[in-house]
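Quick note on labels: first sequence line is chain A, next is B, and so on, each numbered from 1.
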Protein chains: 2
Amino acid sequence: MSHDLDQSVLNTLSQVSLFEGLTPHQLQIILQAAHHRHIPRHGYFFHQGEEATHLYVLLQGKARLTQITPEGQQVIIHLLGPGDPVAIIVVLSHAKYPVTARAHTHCDALSWERDSITRLMEQYGRLSLNGLKMVSERFLEMQDRYRELATERVERRIARALLRQINKPGNGRAAPHKITLSRQDLAEMTGTTLYTVSRTCSSWEQQGLITAGRGRITICNYTDFLNIAEDLPR
Amino acid sequence: MSHDLDQSVLNTLSQVSLFEGLTPHQLQIILQAAHHRHIPRHGYFFHQGEEATHLYVLLQGKARLTQITPEGQQVIIHLLGPGDPVAIIVVLSHAKYPVTARAHTHCDALSWERDSITRLMEQYGRLSLNGLKMVSERFLEMQDRYRELATERVERRIARALLRQINKPGNGRAAPHKITLSRQDLAEMTGTTLYTVSRTCSSWEQQGLITAGRGRITICNYTDFLNIAEDLPR
DNA sequence: CGCTGTTTTGAAGGATTTCAATCGATGTGG
DNA sequence: CCACATCGATTGAAATCCTTCAAAACAGCG
(Lines give C-alpha, C1' and ligand atoms only; values in the text may rest on other atoms or scores of the structure.)
Protein backbone atom coordinates (compact mmCIF):
# COMPACT_ATOMS: atom_id res chain seq x y z
CA MET A 1 0.00 0.00 0.00
CA SER A 2 1.11 3.60 -0.52
CA HIS A 3 3.60 4.81 2.06
CA ASP A 4 2.13 8.15 3.05
CA LEU A 5 -0.83 6.40 4.62
CA ASP A 6 1.18 4.15 6.90
CA GLN A 7 1.40 6.51 9.84
CA SER A 8 -2.20 7.66 10.11
CA VAL A 9 -3.48 4.19 9.35
CA LEU A 10 -1.18 2.69 11.96
CA ASN A 11 -2.74 4.94 14.57
CA THR A 12 -6.24 3.96 13.56
CA LEU A 13 -5.38 0.28 13.42
CA SER A 14 -4.08 0.15 16.95
CA GLN A 15 -7.65 0.90 18.00
CA VAL A 16 -9.17 -1.81 15.84
CA SER A 17 -9.94 -4.80 18.01
CA LEU A 18 -9.00 -7.23 15.25
CA PHE A 19 -5.42 -6.09 15.77
CA GLU A 20 -5.38 -5.85 19.55
CA GLY A 21 -2.39 -7.25 21.35
CA LEU A 22 -0.17 -7.47 18.31
CA THR A 23 3.34 -6.04 18.43
CA PRO A 24 4.10 -2.99 16.27
CA HIS A 25 6.33 -5.20 14.19
CA GLN A 26 3.59 -7.76 13.54
CA LEU A 27 1.20 -4.93 12.76
CA GLN A 28 3.69 -3.58 10.26
CA ILE A 29 3.89 -6.90 8.46
CA ILE A 30 0.15 -7.33 8.41
CA LEU A 31 -0.23 -3.81 7.11
CA GLN A 32 2.20 -4.42 4.28
CA ALA A 33 -0.08 -7.15 3.00
CA ALA A 34 -3.06 -4.81 2.92
CA HIS A 35 -4.51 -2.68 0.19
CA HIS A 36 -6.25 0.61 0.72
CA ARG A 37 -9.69 1.02 -0.79
CA HIS A 38 -12.19 3.83 -1.07
CA ILE A 39 -15.80 3.02 -1.69
CA PRO A 40 -18.03 5.92 -2.65
CA ARG A 41 -21.39 6.50 -0.99
CA HIS A 42 -23.84 3.85 -2.22
CA GLY A 43 -21.04 1.82 -3.76
CA TYR A 44 -20.52 -1.86 -3.10
CA PHE A 45 -17.73 -3.75 -1.36
CA PHE A 46 -19.07 -6.96 -2.83
CA HIS A 47 -22.30 -8.68 -3.80
CA GLN A 48 -24.01 -11.68 -2.30
CA GLY A 49 -23.07 -14.87 -4.16
CA GLU A 50 -19.72 -13.67 -5.51
CA GLU A 51 -16.63 -15.71 -4.74
CA ALA A 52 -15.31 -14.45 -1.40
CA THR A 53 -11.85 -13.12 -2.18
CA HIS A 54 -11.20 -10.25 0.22
CA LEU A 55 -11.44 -9.40 3.88
CA TYR A 56 -11.99 -5.76 4.76
CA VAL A 57 -11.55 -3.62 7.83
CA LEU A 58 -13.60 -0.47 7.77
CA LEU A 59 -11.58 2.58 8.77
CA GLN A 60 -14.09 5.32 8.06
CA GLY A 61 -17.74 5.49 7.11
CA LYS A 62 -20.86 3.41 7.50
CA ALA A 63 -21.91 0.36 5.53
CA ARG A 64 -24.62 -2.25 5.70
CA LEU A 65 -24.83 -5.97 5.12
CA THR A 66 -28.00 -7.20 3.44
CA GLN A 67 -29.32 -10.49 2.23
CA ILE A 68 -31.87 -10.78 -0.50
CA THR A 69 -34.23 -13.70 -0.98
CA PRO A 70 -34.86 -15.36 -4.33
CA GLU A 71 -38.22 -13.56 -4.26
CA GLY A 72 -36.49 -10.21 -3.93
CA GLN A 73 -37.25 -9.46 -0.32
CA GLN A 74 -34.38 -7.74 1.44
CA VAL A 75 -33.18 -8.23 5.01
CA ILE A 76 -30.65 -6.08 6.84
CA ILE A 77 -28.18 -8.38 8.56
CA HIS A 78 -25.88 -5.83 10.15
CA LEU A 79 -24.84 -2.20 10.19
CA LEU A 80 -21.11 -1.56 10.09
CA GLY A 81 -19.01 1.27 11.45
CA PRO A 82 -15.32 2.20 11.72
CA GLY A 83 -13.18 -0.61 13.12
CA ASP A 84 -15.56 -3.36 12.05
CA PRO A 85 -14.22 -6.24 10.02
CA VAL A 86 -16.21 -7.13 6.92
CA ALA A 87 -16.45 -10.67 5.55
CA ILE A 88 -14.25 -12.55 8.01
CA ILE A 89 -16.00 -15.41 6.32
CA VAL A 90 -13.25 -15.43 3.68
CA VAL A 91 -11.20 -17.71 5.89
CA LEU A 92 -13.58 -20.46 4.85
CA SER A 93 -12.09 -21.94 1.72
CA HIS A 94 -14.25 -21.68 -1.39
CA ALA A 95 -16.88 -19.61 0.35
CA LYS A 96 -19.15 -17.19 -1.42
CA TYR A 97 -20.13 -13.89 0.13
CA PRO A 98 -23.38 -14.66 1.94
CA VAL A 99 -24.44 -11.01 1.96
CA THR A 100 -24.08 -7.81 -0.01
CA ALA A 101 -21.97 -5.06 1.57
CA ARG A 102 -22.98 -1.56 0.53
CA ALA A 103 -21.42 1.74 1.56
CA HIS A 104 -23.99 3.96 3.21
CA THR A 105 -21.61 6.90 3.44
CA HIS A 106 -18.26 7.28 1.76
CA CYS A 107 -16.04 4.48 3.08
CA ASP A 108 -12.37 4.05 3.68
CA ALA A 109 -11.14 0.51 4.21
CA LEU A 110 -8.20 -1.84 4.23
CA SER A 111 -8.43 -5.10 2.36
CA TRP A 112 -6.53 -8.38 2.36
CA GLU A 113 -6.66 -11.21 -0.11
CA ARG A 114 -7.90 -14.49 1.17
CA ASP A 115 -4.68 -16.44 0.95
CA SER A 116 -2.76 -13.59 2.44
CA ILE A 117 -4.93 -13.08 5.53
CA THR A 118 -5.27 -16.83 6.04
CA ARG A 119 -1.51 -17.21 6.11
CA LEU A 120 -1.15 -14.31 8.53
CA MET A 121 -3.78 -15.78 10.83
CA GLU A 122 -2.07 -19.14 10.82
CA GLN A 123 1.18 -17.43 11.68
CA TYR A 124 -0.08 -15.03 14.34
CA GLY A 125 -2.37 -16.87 16.72
CA ARG A 126 -3.38 -13.62 18.30
CA LEU A 127 -4.75 -12.33 15.01
CA SER A 128 -7.03 -15.30 14.41
CA LEU A 129 -8.00 -15.35 18.08
CA ASN A 130 -9.10 -11.73 17.71
CA GLY A 131 -10.98 -12.68 14.57
CA LEU A 132 -12.63 -15.50 16.45
CA LYS A 133 -13.69 -13.08 19.16
CA MET A 134 -15.21 -10.66 16.71
CA VAL A 135 -17.18 -13.30 14.85
CA SER A 136 -18.32 -14.66 18.19
CA GLU A 137 -19.68 -11.27 19.19
CA ARG A 138 -21.53 -10.87 15.94
CA PHE A 139 -22.78 -14.41 16.33
CA LEU A 140 -24.18 -13.63 19.76
CA GLU A 141 -26.00 -10.60 18.44
CA MET A 142 -27.46 -12.63 15.58
CA GLN A 143 -28.56 -15.31 18.04
CA ASP A 144 -30.35 -12.75 20.16
CA ARG A 145 -32.08 -11.23 17.19
CA TYR A 146 -33.11 -14.68 16.09
CA ARG A 147 -34.66 -15.46 19.44
CA GLU A 148 -36.41 -12.11 19.38
CA LEU A 149 -37.83 -12.72 15.96
CA ALA A 150 -38.99 -16.16 17.01
CA THR A 151 -40.68 -15.12 20.23
CA GLU A 152 -41.49 -11.42 20.42
CA ARG A 153 -44.13 -9.24 18.88
CA VAL A 154 -43.32 -6.60 16.33
CA GLU A 155 -43.53 -3.57 18.61
CA ARG A 156 -40.93 -4.96 20.95
CA ARG A 157 -38.64 -6.02 18.13
CA ILE A 158 -38.65 -2.52 16.70
CA ALA A 159 -37.97 -1.04 20.13
CA ARG A 160 -35.07 -3.43 20.64
CA ALA A 161 -33.63 -2.61 17.22
CA LEU A 162 -33.63 1.07 18.13
CA LEU A 163 -32.01 0.41 21.50
CA ARG A 164 -29.34 -1.76 19.95
CA GLN A 165 -28.60 1.10 17.62
CA ILE A 166 -28.20 3.53 20.48
CA ASN A 167 -26.04 1.26 22.57
CA LYS A 168 -23.59 0.61 19.78
CA PRO A 169 -20.10 1.68 20.73
CA GLY A 170 -19.16 4.64 18.60
CA ASN A 171 -22.55 6.30 18.71
CA GLY A 172 -22.86 9.24 21.06
CA ARG A 173 -24.33 8.23 24.39
CA ALA A 174 -25.94 11.61 25.05
CA ALA A 175 -29.72 12.13 25.10
CA PRO A 176 -31.74 12.87 23.08
CA HIS A 177 -30.83 9.81 21.06
CA LYS A 178 -31.20 10.42 17.36
CA ILE A 179 -31.32 7.44 15.03
CA THR A 180 -31.03 7.95 11.31
CA LEU A 181 -32.89 5.05 9.80
CA SER A 182 -35.91 5.07 7.52
CA ARG A 183 -39.09 3.13 8.30
CA GLN A 184 -38.14 0.79 5.51
CA ASP A 185 -34.72 0.20 7.07
CA LEU A 186 -36.27 -0.65 10.41
CA ALA A 187 -38.70 -3.01 8.73
CA GLU A 188 -35.85 -4.84 7.05
CA MET A 189 -34.02 -5.08 10.35
CA THR A 190 -36.93 -6.50 12.32
CA GLY A 191 -38.66 -8.77 9.86
CA THR A 192 -41.79 -6.72 9.40
CA THR A 193 -43.24 -4.24 6.92
CA LEU A 194 -42.79 -0.57 6.31
CA TYR A 195 -46.44 -0.03 7.24
CA THR A 196 -46.26 -1.70 10.60
CA VAL A 197 -43.15 0.26 11.53
CA SER A 198 -44.86 3.49 10.53
CA ARG A 199 -47.95 2.69 12.60
CA THR A 200 -45.85 1.72 15.59
CA CYS A 201 -43.83 4.91 15.43
CA SER A 202 -46.96 7.01 15.12
CA SER A 203 -48.33 5.38 18.23
CA TRP A 204 -45.10 6.00 20.14
CA GLU A 205 -45.09 9.59 19.01
CA GLN A 206 -48.61 10.10 20.34
CA GLN A 207 -47.46 8.69 23.67
CA GLY A 208 -44.64 11.24 23.67
CA LEU A 209 -41.91 8.60 23.67
CA ILE A 210 -40.28 9.67 20.43
CA THR A 211 -40.35 12.31 17.76
CA ALA A 212 -40.26 10.93 14.25
CA GLY A 213 -39.25 12.48 10.97
CA ARG A 214 -38.24 11.59 7.48
CA GLY A 215 -35.47 9.00 7.82
CA ARG A 216 -35.02 9.85 11.48
CA ILE A 217 -36.31 8.86 14.90
CA THR A 218 -35.44 10.60 18.14
CA ILE A 219 -36.07 9.02 21.50
CA CYS A 220 -37.15 11.69 24.00
CA ASN A 221 -38.15 9.54 26.92
CA TYR A 222 -35.48 6.90 27.26
CA THR A 223 -36.64 5.29 30.49
CA ASP A 224 -40.26 4.97 29.40
CA PHE A 225 -39.04 3.69 26.09
CA LEU A 226 -37.08 0.94 27.79
CA ASN A 227 -40.32 -0.36 29.24
CA ILE A 228 -41.61 -1.11 25.79
CA ALA A 229 -38.63 -3.32 25.12
CA GLU A 230 -38.77 -4.99 28.52
CA ASP A 231 -42.04 -5.03 30.40
CA LEU A 232 -44.77 -4.49 27.87
CA PRO A 233 -47.45 -6.94 29.02
CA ARG A 234 -48.97 -7.51 25.60
CA MET B 1 -6.56 -36.66 31.44
CA SER B 2 -6.31 -40.41 32.04
CA HIS B 3 -3.76 -42.14 29.85
CA ASP B 4 -5.75 -45.11 28.63
CA LEU B 5 -8.00 -42.83 26.68
CA ASP B 6 -5.26 -41.12 24.76
CA GLN B 7 -5.08 -43.52 21.87
CA SER B 8 -8.76 -43.90 21.04
CA VAL B 9 -9.37 -40.23 21.65
CA LEU B 10 -6.45 -39.28 19.45
CA ASN B 11 -8.01 -41.19 16.59
CA THR B 12 -11.33 -39.48 17.06
CA LEU B 13 -9.73 -36.08 17.41
CA SER B 14 -7.90 -36.29 14.14
CA GLN B 15 -11.33 -36.26 12.51
CA VAL B 16 -12.54 -33.26 14.47
CA SER B 17 -12.29 -30.23 12.24
CA LEU B 18 -11.30 -28.01 15.15
CA PHE B 19 -8.02 -29.91 15.21
CA GLU B 20 -7.44 -30.22 11.48
CA GLY B 21 -3.96 -29.57 10.19
CA LEU B 22 -2.24 -29.74 13.57
CA THR B 23 0.84 -31.88 13.99
CA PRO B 24 0.58 -35.00 16.18
CA HIS B 25 2.86 -33.27 18.64
CA GLN B 26 0.67 -30.19 18.88
CA LEU B 27 -2.37 -32.41 19.21
CA GLN B 28 -0.68 -34.21 22.05
CA ILE B 29 -0.04 -30.99 23.92
CA ILE B 30 -3.57 -29.77 23.37
CA LEU B 31 -4.90 -33.08 24.53
CA GLN B 32 -2.88 -32.95 27.72
CA ALA B 33 -4.70 -29.80 28.67
CA ALA B 34 -8.11 -31.44 28.23
CA HIS B 35 -10.39 -33.15 30.67
CA HIS B 36 -12.69 -35.97 29.80
CA ARG B 37 -16.34 -35.61 30.74
CA HIS B 38 -19.41 -37.80 30.57
CA ILE B 39 -22.81 -36.20 30.60
CA PRO B 40 -25.75 -38.53 31.14
CA ARG B 41 -28.84 -38.39 28.96
CA HIS B 42 -30.82 -35.26 29.81
CA GLY B 43 -27.93 -33.87 31.81
CA TYR B 44 -26.54 -30.39 31.30
CA PHE B 45 -23.16 -29.20 30.07
CA PHE B 46 -23.98 -25.74 31.37
CA HIS B 47 -26.87 -23.34 31.83
CA GLN B 48 -27.62 -20.05 30.11
CA GLY B 49 -26.33 -17.13 32.15
CA GLU B 50 -23.60 -18.99 34.03
CA GLU B 51 -20.06 -17.68 33.79
CA ALA B 52 -18.51 -19.29 30.71
CA THR B 53 -15.58 -21.30 31.99
CA HIS B 54 -15.18 -24.29 29.68
CA LEU B 55 -15.00 -25.14 26.02
CA TYR B 56 -16.18 -28.61 25.00
CA VAL B 57 -15.73 -30.84 22.02
CA LEU B 58 -18.41 -33.47 21.68
CA LEU B 59 -16.96 -36.91 20.98
CA GLN B 60 -20.08 -39.02 21.23
CA GLY B 61 -23.78 -38.37 21.59
CA LYS B 62 -26.28 -35.68 20.70
CA ALA B 63 -26.95 -32.43 22.52
CA ARG B 64 -28.97 -29.28 21.95
CA LEU B 65 -28.44 -25.61 22.55
CA THR B 66 -31.49 -23.69 23.70
CA GLN B 67 -32.24 -20.14 24.75
CA ILE B 68 -35.08 -19.26 27.02
CA THR B 69 -36.81 -15.90 27.16
CA PRO B 70 -37.61 -14.08 30.41
CA GLU B 71 -41.22 -15.12 29.74
CA GLY B 72 -40.21 -18.77 29.66
CA GLN B 73 -40.52 -19.40 25.96
CA GLN B 74 -37.84 -21.74 24.66
CA VAL B 75 -36.00 -21.58 21.35
CA ILE B 76 -33.73 -24.27 19.92
CA ILE B 77 -30.59 -22.60 18.64
CA HIS B 78 -28.66 -25.62 17.44
CA LEU B 79 -28.45 -29.38 17.50
CA LEU B 80 -25.02 -30.82 18.22
CA GLY B 81 -23.39 -34.07 17.15
CA PRO B 82 -19.99 -35.79 17.46
CA GLY B 83 -17.10 -33.54 16.48
CA ASP B 84 -18.97 -30.33 17.19
CA PRO B 85 -17.39 -27.75 19.47
CA VAL B 86 -19.60 -26.38 22.22
CA ALA B 87 -19.28 -22.85 23.60
CA ILE B 88 -16.36 -21.55 21.55
CA ILE B 89 -17.69 -18.34 22.99
CA VAL B 90 -15.48 -18.87 26.05
CA VAL B 91 -12.67 -17.14 24.23
CA LEU B 92 -14.52 -13.91 24.92
CA SER B 93 -13.27 -12.74 28.27
CA HIS B 94 -15.91 -12.46 30.98
CA ALA B 95 -18.61 -13.93 28.81
CA LYS B 96 -21.61 -15.76 30.14
CA TYR B 97 -23.00 -18.81 28.38
CA PRO B 98 -25.66 -17.38 26.07
CA VAL B 99 -27.48 -20.71 25.83
CA THR B 100 -28.15 -23.87 27.79
CA ALA B 101 -26.48 -27.06 26.52
CA ARG B 102 -28.36 -30.21 27.32
CA ALA B 103 -27.43 -33.80 26.51
CA HIS B 104 -30.10 -35.44 24.43
CA THR B 105 -28.43 -38.84 24.54
CA HIS B 106 -25.56 -39.89 26.75
CA CYS B 107 -22.60 -37.69 25.84
CA ASP B 108 -18.87 -38.06 25.84
CA ALA B 109 -16.83 -34.90 25.59
CA LEU B 110 -13.48 -33.24 26.06
CA SER B 111 -13.29 -29.97 27.93
CA TRP B 112 -10.75 -27.18 28.29
CA GLU B 113 -10.67 -24.33 30.76
CA ARG B 114 -10.95 -20.88 29.34
CA ASP B 115 -7.45 -19.68 30.12
CA SER B 116 -5.98 -22.92 28.92
CA ILE B 117 -7.67 -22.99 25.51
CA THR B 118 -7.11 -19.28 25.02
CA ARG B 119 -3.40 -19.73 25.55
CA LEU B 120 -3.30 -22.67 23.18
CA MET B 121 -5.12 -20.71 20.52
CA GLU B 122 -2.75 -17.81 20.84
CA GLN B 123 0.14 -20.20 20.51
CA TYR B 124 -1.16 -22.33 17.63
CA GLY B 125 -2.60 -20.06 14.96
CA ARG B 126 -4.02 -23.04 13.17
CA LEU B 127 -6.14 -23.94 16.18
CA SER B 128 -7.78 -20.54 16.44
CA LEU B 129 -8.12 -20.34 12.68
CA ASN B 130 -10.01 -23.63 12.79
CA GLY B 131 -12.13 -22.24 15.62
CA LEU B 132 -12.80 -19.17 13.54
CA LYS B 133 -13.90 -21.33 10.64
CA MET B 134 -16.28 -23.32 12.78
CA VAL B 135 -17.92 -20.28 14.33
CA SER B 136 -18.17 -18.78 10.88
CA GLU B 137 -20.04 -21.81 9.62
CA ARG B 138 -22.45 -21.74 12.51
CA PHE B 139 -22.82 -18.02 11.98
CA LEU B 140 -23.76 -18.54 8.35
CA GLU B 141 -26.40 -21.06 9.31
CA MET B 142 -27.83 -18.73 11.93
CA GLN B 143 -27.91 -15.91 9.38
CA ASP B 144 -29.83 -18.06 6.93
CA ARG B 145 -32.32 -19.12 9.56
CA TYR B 146 -32.74 -15.50 10.53
CA ARG B 147 -33.52 -14.45 6.99
CA GLU B 148 -35.92 -17.34 6.70
CA LEU B 149 -37.72 -16.38 9.87
CA ALA B 150 -37.93 -12.78 8.69
CA THR B 151 -39.25 -13.49 5.22
CA GLU B 152 -40.79 -16.93 4.83
CA ARG B 153 -44.08 -18.46 5.89
CA VAL B 154 -44.28 -21.17 8.48
CA GLU B 155 -44.75 -24.11 6.14
CA ARG B 156 -41.58 -23.39 4.27
CA ARG B 157 -39.60 -22.81 7.45
CA ILE B 158 -40.61 -26.18 8.81
CA ALA B 159 -39.73 -27.84 5.51
CA ARG B 160 -36.34 -26.15 5.54
CA ALA B 161 -35.69 -27.21 9.12
CA LEU B 162 -36.34 -30.81 8.17
CA LEU B 163 -34.11 -30.61 5.13
CA ARG B 164 -31.30 -29.04 7.13
CA GLN B 165 -31.60 -31.94 9.50
CA ILE B 166 -31.29 -34.47 6.71
CA ASN B 167 -28.36 -32.78 5.03
CA LYS B 168 -26.33 -32.60 8.21
CA PRO B 169 -23.04 -34.44 7.82
CA GLY B 170 -23.13 -37.49 10.03
CA ASN B 171 -26.73 -38.36 9.30
CA GLY B 172 -27.29 -41.19 6.87
CA ARG B 173 -27.99 -39.94 3.38
CA ALA B 174 -30.17 -42.89 2.40
CA ALA B 175 -33.93 -42.60 1.78
CA PRO B 176 -36.36 -42.84 3.42
CA HIS B 177 -35.14 -40.03 5.61
CA LYS B 178 -36.24 -40.45 9.18
CA ILE B 179 -36.06 -37.47 11.49
CA THR B 180 -36.51 -37.96 15.20
CA LEU B 181 -37.90 -34.68 16.43
CA SER B 182 -41.17 -33.97 18.18
CA ARG B 183 -43.68 -31.39 16.92
CA GLN B 184 -42.69 -29.26 19.88
CA ASP B 185 -39.00 -29.49 18.91
CA LEU B 186 -39.76 -28.40 15.37
CA ALA B 187 -41.85 -25.52 16.66
CA GLU B 188 -38.96 -24.32 18.83
CA MET B 189 -36.61 -24.57 15.87
CA THR B 190 -38.77 -22.58 13.47
CA GLY B 191 -40.34 -19.92 15.65
CA THR B 192 -43.88 -21.23 15.55
CA THR B 193 -46.23 -23.25 17.72
CA LEU B 194 -46.72 -26.91 18.35
CA TYR B 195 -50.20 -26.63 16.85
CA THR B 196 -49.12 -25.12 13.58
CA VAL B 197 -46.42 -27.75 13.13
CA SER B 198 -48.96 -30.48 13.78
CA ARG B 199 -51.41 -29.05 11.26
CA THR B 200 -48.68 -28.66 8.66
CA CYS B 201 -47.48 -32.23 9.12
CA SER B 202 -51.01 -33.56 8.89
CA SER B 203 -51.47 -31.75 5.62
CA TRP B 204 -48.19 -33.12 4.25
CA GLU B 205 -49.15 -36.60 5.30
CA GLN B 206 -52.44 -36.33 3.41
CA GLN B 207 -50.48 -35.28 0.33
CA GLY B 208 -48.33 -38.39 0.74
CA LEU B 209 -45.12 -36.44 1.24
CA ILE B 210 -44.30 -37.75 4.68
CA THR B 211 -45.40 -40.25 7.26
CA ALA B 212 -45.58 -38.86 10.76
CA GLY B 213 -45.49 -40.53 14.14
CA ARG B 214 -44.89 -39.81 17.76
CA GLY B 215 -41.58 -37.91 17.91
CA ARG B 216 -40.75 -38.92 14.36
CA ILE B 217 -41.20 -37.73 10.79
CA THR B 218 -40.21 -39.70 7.70
CA ILE B 219 -39.92 -38.10 4.31
CA CYS B 220 -41.15 -40.51 1.62
CA ASN B 221 -41.16 -38.26 -1.37
CA TYR B 222 -37.93 -36.27 -1.24
CA THR B 223 -38.17 -34.52 -4.59
CA ASP B 224 -41.75 -33.38 -4.11
CA PHE B 225 -40.85 -32.33 -0.61
CA LEU B 226 -38.07 -30.13 -1.92
CA ASN B 227 -40.65 -28.16 -3.87
CA ILE B 228 -42.28 -27.08 -0.67
CA ALA B 229 -39.03 -25.57 0.52
CA GLU B 230 -38.26 -23.97 -2.84
CA ASP B 231 -41.08 -23.28 -5.21
CA LEU B 232 -44.23 -23.09 -3.15
CA PRO B 233 -46.04 -20.10 -4.64
CA ARG B 234 -47.63 -19.02 -1.36
C1' DC C 1 -43.02 25.25 -7.58
C1' DG C 2 -43.50 20.85 -9.22
C1' DC C 3 -41.30 16.29 -8.77
C1' DT C 4 -39.88 12.32 -6.39
C1' DG C 5 -39.49 9.40 -2.71
C1' DT C 6 -40.93 8.70 2.08
C1' DT C 7 -44.48 8.43 5.39
C1' DT C 8 -49.13 8.08 7.09
C1' DT C 9 -53.60 6.09 7.56
C1' DG C 10 -57.85 3.28 6.57
C1' DA C 11 -60.07 -0.87 5.48
C1' DA C 12 -60.05 -5.63 4.20
C1' DG C 13 -58.00 -10.04 4.28
C1' DG C 14 -55.09 -13.75 5.74
C1' DA C 15 -51.85 -16.44 8.28
C1' DT C 16 -51.00 -17.99 12.59
C1' DT C 17 -51.92 -18.26 17.45
C1' DT C 18 -54.61 -19.43 21.27
C1' DC C 19 -57.71 -22.15 23.87
C1' DA C 20 -60.15 -26.26 24.72
C1' DA C 21 -61.26 -30.79 23.99
C1' DT C 22 -60.17 -35.29 22.26
C1' DC C 23 -57.53 -38.87 20.58
C1' DG C 24 -53.69 -42.02 20.42
C1' DA C 25 -49.40 -44.09 21.77
C1' DT C 26 -46.24 -45.69 25.22
C1' DG C 27 -44.94 -47.42 29.43
C1' DT C 28 -46.19 -49.14 34.25
C1' DG C 29 -47.91 -51.57 37.94
C1' DG C 30 -51.40 -54.37 39.79
C1' DC D 1 -52.16 -58.99 30.29
C1' DC D 2 -54.97 -55.37 30.85
C1' DA D 3 -56.35 -50.94 33.05
C1' DC D 4 -54.46 -46.82 33.95
C1' DA D 5 -51.65 -42.76 33.87
C1' DT D 6 -48.97 -39.88 31.13
C1' DC D 7 -47.34 -37.48 27.49
C1' DG D 8 -47.48 -36.24 22.70
C1' DA D 9 -50.41 -35.31 18.72
C1' DT D 10 -54.65 -33.84 16.48
C1' DT D 11 -58.42 -30.90 15.36
C1' DG D 12 -62.02 -27.22 15.54
C1' DA D 13 -63.44 -22.55 16.43
C1' DA D 14 -62.53 -17.99 17.79
C1' DA D 15 -59.41 -14.32 18.32
C1' DT D 16 -55.59 -11.42 16.90
C1' DC D 17 -51.75 -9.67 15.10
C1' DC D 18 -49.93 -8.32 11.09
C1' DT D 19 -49.90 -7.82 6.19
C1' DT D 20 -51.59 -6.14 1.96
C1' DC D 21 -53.51 -2.83 -1.03
C1' DA D 22 -54.87 1.74 -2.06
C1' DA D 23 -54.85 6.48 -1.50
C1' DA D 24 -53.48 10.64 0.30
C1' DA D 25 -50.34 13.68 2.86
C1' DC D 26 -45.86 15.26 3.42
C1' DA D 27 -40.79 16.54 3.05
C1' DG D 28 -36.92 17.72 0.58
C1' DC D 29 -34.61 18.99 -3.69
C1' DG D 30 -33.51 20.72 -8.13
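Minimum atom distance to the side chain of B:R199 is reached by C:dT17, of the listed C:dT17, D:dT20, C:dT8. Listed nucleotides: D:dC18, C:dT8, C:dT18. Nearest to the side chain of B:Y195: C:dT18. Of the candidates D:dT19, C:dT9, C:dT16, the closest approach to any side-chain atom of A:T193 belongs to D:dT19. Considering only the side chain of A:S202, C:dT8 comes nearest among D:dT11, C:dT8, D:dT20.
Within the 4.0 angstrom heavy-atom criterion, only backbone atoms of the sugar-phosphate kind lie near B:S182; the bases stay farther away.
Judged as a ring pair (Phe, Tyr, Trp, His ring centres under 6.0 Å), and not counting sequence neighbours, A:Y146 has no contacts.
The backbone N or O of B:T190 sits less than 3.5 Å from a side-chain atom of B:R157, completing a donor-acceptor pair.
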Q: With pairs defined as Watson-Crick or G-U wobble and both distances under 3.5 angstrom, please note down DNA chain D as a dot-bracket string, | for pairing with another strand.
A: |||||||||||||||||.||||||||||||
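Residues A:F45 and A:Y97 form no side-chain contact, since every pair of their non-hydrogen atoms from C-beta on lies 4.5 Å or further apart.
Listed pair B:T192 / C:dT17 meets the phosphate criterion, a side-chain N or O lying under 4.0 Å from OP1 or OP2.
Salt bridge annotation for A:E71-B:R156: present, with a cationic side-chain nitrogen under 4.0 angstrom from a carboxylate oxygen. Between A:E148 and A:R164 a salt bridge is recorded (basic side-chain N to carboxylate O distance below 4.0 Å).
Straight-line distance from the CG atom of A:L194 to the P atom of D:dA23: 17 Å, rounded to whole Å.
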Q. For A:S203 and A:T200, what are the C-alpha separation, side-chain angles and deciding distance, and is it a side chain to side chain donor-acceptor pair (under 3.5 Å)?
A. CA-CA 5 Å; A:S203 152; A:T200 307; over 6 Å; no
Q) Which nucleotides of nucleotides 25-30 of chain D have their base under 4.0 Å from a protein heavy atom (B), which only their sugar-phosphate (S), and which neither (-), written as one string 5' to 3'? A) --BS--
